[in-house]
Amino acid sequence: MLDINLIRKNPLIIEASLKKRNLDFPLNELIEADNLYRKRLKELEVKRHEKNELTEKYPQVSQSEKELLVLKVNEIENQIKSLEEEVEKLKEKRDYLLFRLPNIPHESVPYGKGDEDNITVREVGEKREFNFKPKAHYELGESFDIIDFERGVKLAGSGFYTLKGKGAALERALINFMLDLHKSRGYTEIFPPILITGKGAFGTGHLPKFEEDMYRTSKEDLWLLPTAELALVNLHANETLNYKQLPLKYVAYTPCFRREAGRHVDLKGILRVHQFNKVELVKITAPETSFQELEMLVNDAEEVLKLLKIPYRVRLLCTGDLGFASAKTYDIEAWLPSQNRYLEVSSCSNCTDFQARRANIKFVGGGRKESQYVHTLNGSGLAIGRTMAVLLENYQEKDKIIIPEILRPYTKFDAIE
RNA sequence: GCCGGGAUAGCCUAGCCCGGUAGGGCGCAGGCUUGCUAAGCCUGUGGGGAUUUUCCCCGCGUGGGUUCAAAUCCCACUCCCGGCGCCA
């Protein structure tokens, strides 16, 4: 969420931001709603002041004056009540729009409409030359009997799959390998609840705008994590941290759940499913360091692919492709031989103070007179299912799949045959 | 699930019984003073607004109610602590 005062005082900045994002947003409606809200609120405060003054006089006046005073107060009270109702409605109208206004792209983010305008920052690793036609991960998964698509569907419906034998072990190995790696680079491991309150989902910007993308429980205001980002960012919701604690760095493995309503790409295989595993990185930083920290966060996520020896590229997303809460995002895409293209396995974003304002995460100290909102960053490090798909394809031989050396202490086997 | 106790500002705590300006400590920020790794003293330190030193509104877990007036009394809910029950 953006600072309403910034919107009021610099509407041109917001207008430019929306234009860069190619978004139609009723900005004027928001500003008008806020103006009217403020106007009525002011009137309400004046009435309250009148009432408070009368009330304070009460103990000192005579009995007959008291009766008169009560009549006056009651009259003002009626006016207050109706103003309160009006103010409440106006605030709701303003907030409806305010909560749906996206973050402002950072100045270093290139202008663009979509994927084709994203910029490749670097390409790392050698793409392997195959002397046979590489198979798709789902073909490999079925032929080696490590991914069972049909039975996944039987258990939970379309969009779910089941891992079996060495497939299940490889998934677990990838999770542990990534957790250990990030822990060794200074991240604190967290194992959070897989459900989160509606407030938590609001804090990261997933509610109210992306309600349709999440699963929720039927009786409570609890939602299944679409990413551990929700849990990790909200660890410090409603807290005032000390400058000396920053930056905080967290890593968590969690399953992630996404309804993927109305999407029709990558449905074959395990690339786009309703449940997948992910190791997630989150940083909470002071404002002045957050963009440096983003670069380091991307490096931390890249390290996984470097060690697995899987070719990848890093893309700087253009304004049109930027997520709702993000000011700047890098995607990391790993090479998918069967489709002769790169596949997103990580998305690393600096959400600046957008989430901190919603989740109310501040800090004091560091020579600052007043408390200030922190910056929050998140990045996959990495999505496990997609990493597995990429790994299977890159490491396939005609009769087996080789396990990358770095994973062997975790898998306890060196090939899937 | 039942019974009891609790929730006060970034943190800790007083006030609640008996309704009338939320007091103190720590931390943080600023200032003053001092010839010694530091201490002492003063000021400020929840959110919002403004005609921005003065001023106004809101704020004591959340939402209602009683009252001229609620941190304080009443009701409901949430969460925490303890006891009982159930339980992987």
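Labels below follow one simple rule: chain letters A, B, ... track the order of the sequence lines, proteins then strands, and each chain is numbered from 1.
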Whole-Å distance, Asn360(A) CG to A9(B) P, equals 13 Å
pair_partner(A29(B)), Watson-Crick or wobble, both distances < 3.5 Å, evaluates to U43(B)
The Watson-Crick or G-U wobble partner of G1(B), with both key distances under 3.5 Å, is C84(B)
Can you check the distance between C74(B) and C80(B), where both ends of the measurement are the P atom (answer in whole Å)? 24 Å
- Considering only the P atoms, how many Å lie between G15(B) and C68(B), rounded to the nearest integer? 29 Å
Self-check item: Pairwise C1' distance, A29(B) and U67(B) [rounded to whole Å]
Solution: 41 Å
*Have Gln355(A) and Thr376(A) got a donor and an acceptor in their side chains that come within less than 3.5 Å?*
yes
From NZ of Lys91(A) across to P of G48(B) the rounded distance in Å is 12 Å
By nearest-nucleotide position on RNA chain B, the 5'-leaning member of Asn5(A) and Asn242(A) is Asn242(A)
Pairing partner of U52(B), by Watson-Crick or G-U wobble and under 3.5 Å for both distances, is none
Between CD of Glu67(A) and P of U67(B) the distance, given in whole Å, is 16 Å
Compute whether any side-chain donor of one residue and acceptor of the other, for Thr352(A) and Asn103(A), lie under 3.5 angstrom apart.
yes
Identify the pairs formed between an N or O of the protein and an N or O of nucleotides 55-65 of chain B at a distance under 3.5 Å, and give each distance.
{"residue": "C56(B)", "atom": "O3'", "partner": "His49(A)", "partner atom": "ND1", "Å": "2.8"}
{"residue": "C57(B)", "atom": "OP1", "partner": "His49(A)", "partner atom": "ND1", "Å": "3.0"}
{"residue": "C57(B)", "atom": "OP1", "partner": "Asn52(A)", "partner atom": "ND2", "Å": "3.1"}
{"residue": "C57(B)", "atom": "O2'", "partner": "Arg48(A)", "partner atom": "NH1", "Å": "3.4"}
{"residue": "C58(B)", "atom": "OP2", "partner": "Asn52(A)", "partner atom": "ND2", "Å": "3.3"}

Name the orientation class of the two ring planes belonging to Phe210(A) and Phe324(A) (parallel below 30°, tilted from 30 to 60°, perpendicular beyond 60°). perpendicular
- Contact class for Lys72(A) vs. all strands (heavy atom < 4.0 Å): base, sugar-phosphate, or nothing? nothing
Roughly how many Å apart are C58(B) and A76(B), using the C1' atom of each and rounding to a whole number?
23 Å
Taking a pair to mean Watson-Crick or G-U wobble geometry with both distances below 3.5 Å, C60(B) pairs with none
For A71(B), the nucleotide meeting Watson-Crick or G-U wobble distances (both under 3.5 Å) is none
| query | Which of parallel (below 30°), tilted (30 to 60°) and perpendicular (above 60°) describes Tyr161(A) and Phe149(A)? | reply | tilted
Atom CG of Leu68(A) and atom P of C68(B) are separated, to the nearest Å, by 14 Å
Asp3(A) atom CG is separated from G47(B) atom P, nearest whole Å, by 13 Å
Notebook entry, point to check: Are any of the side-chain nitrogens in Arg258(A) or Glu260(A) under 4.0 Å away from the carboxylate oxygens of its partner?
Noted result: no
Here the distance between atom P of A29(B) and atom CD of Glu370(A), to the nearest Å, is 13 Å
- Message: Salt bridge check, Lys57(A) against Glu65(A): does any charged N sit closer than 4.0 Å to a carboxylate O?
- Response: no
The answer to which of Glu239(A) and Pro59(A) contacts RNA chain B further toward the 5' end, by nearest nucleotide, is Glu239(A)
**Prompt:** For Phe202(A), does its backbone N or O pair with a side-chain atom of Arg358(A) as donor and acceptor, under 3.5 Å?
**Reply:** yes
Original post:
So what does Arg8(A) hit on the nucleic acid, given a heavy-atom distance under 4.0 Å: a base, only sugar-phosphate, or nothing?
Top reply: sugar-phosphate
message = Taking only the C1' atom of each, what is the distance from G85(B) to C16(B) in whole angstrom?
response = 33 Å
Across every strand shown, the nucleotide meeting Watson-Crick or G-U wobble geometry with A7(B) (both distances under 3.5 Å) is U78(B)
In whole angstroms, the gap separating P of C68(B) from CG of Asn74(A) amounts to 7 Å
note: Lys51(A), atom NZ; A69(B), atom C1'; distance rounded to Å ~ 8 Å
_Side-chain N,O (Arg38(A)) to OP1/OP2 (G49(B)) below 4.0 Å_ = yes
_Do the side chains of Asp300(A) and Arg185(A) get close enough for a salt bridge, i.e. N-O under 4.0 angstrom?_
yes
Paired to C18(B) by Watson-Crick or G-U wobble criteria (both distances under 3.5 Å) is none
- Task: Determine the interatomic distance between C1' on U33(B) and the same-named atom on C42(B); round to the nearest Å.
- Result: 10 Å
Taking the same atom, P, in G61(B) and in C17(B), what whole-Å distance lies between them? 15 Å
Review point. Does the distance from a Lys or Arg side-chain N to an Asp or Glu carboxylate O, for Arg40(A) and Glu43(A), drop under 4.0 Å?
Key: yes
Taking atom C1' in both A70(B) and C60(B), compute the distance separating them and give it to the nearest angstrom.
11 Å
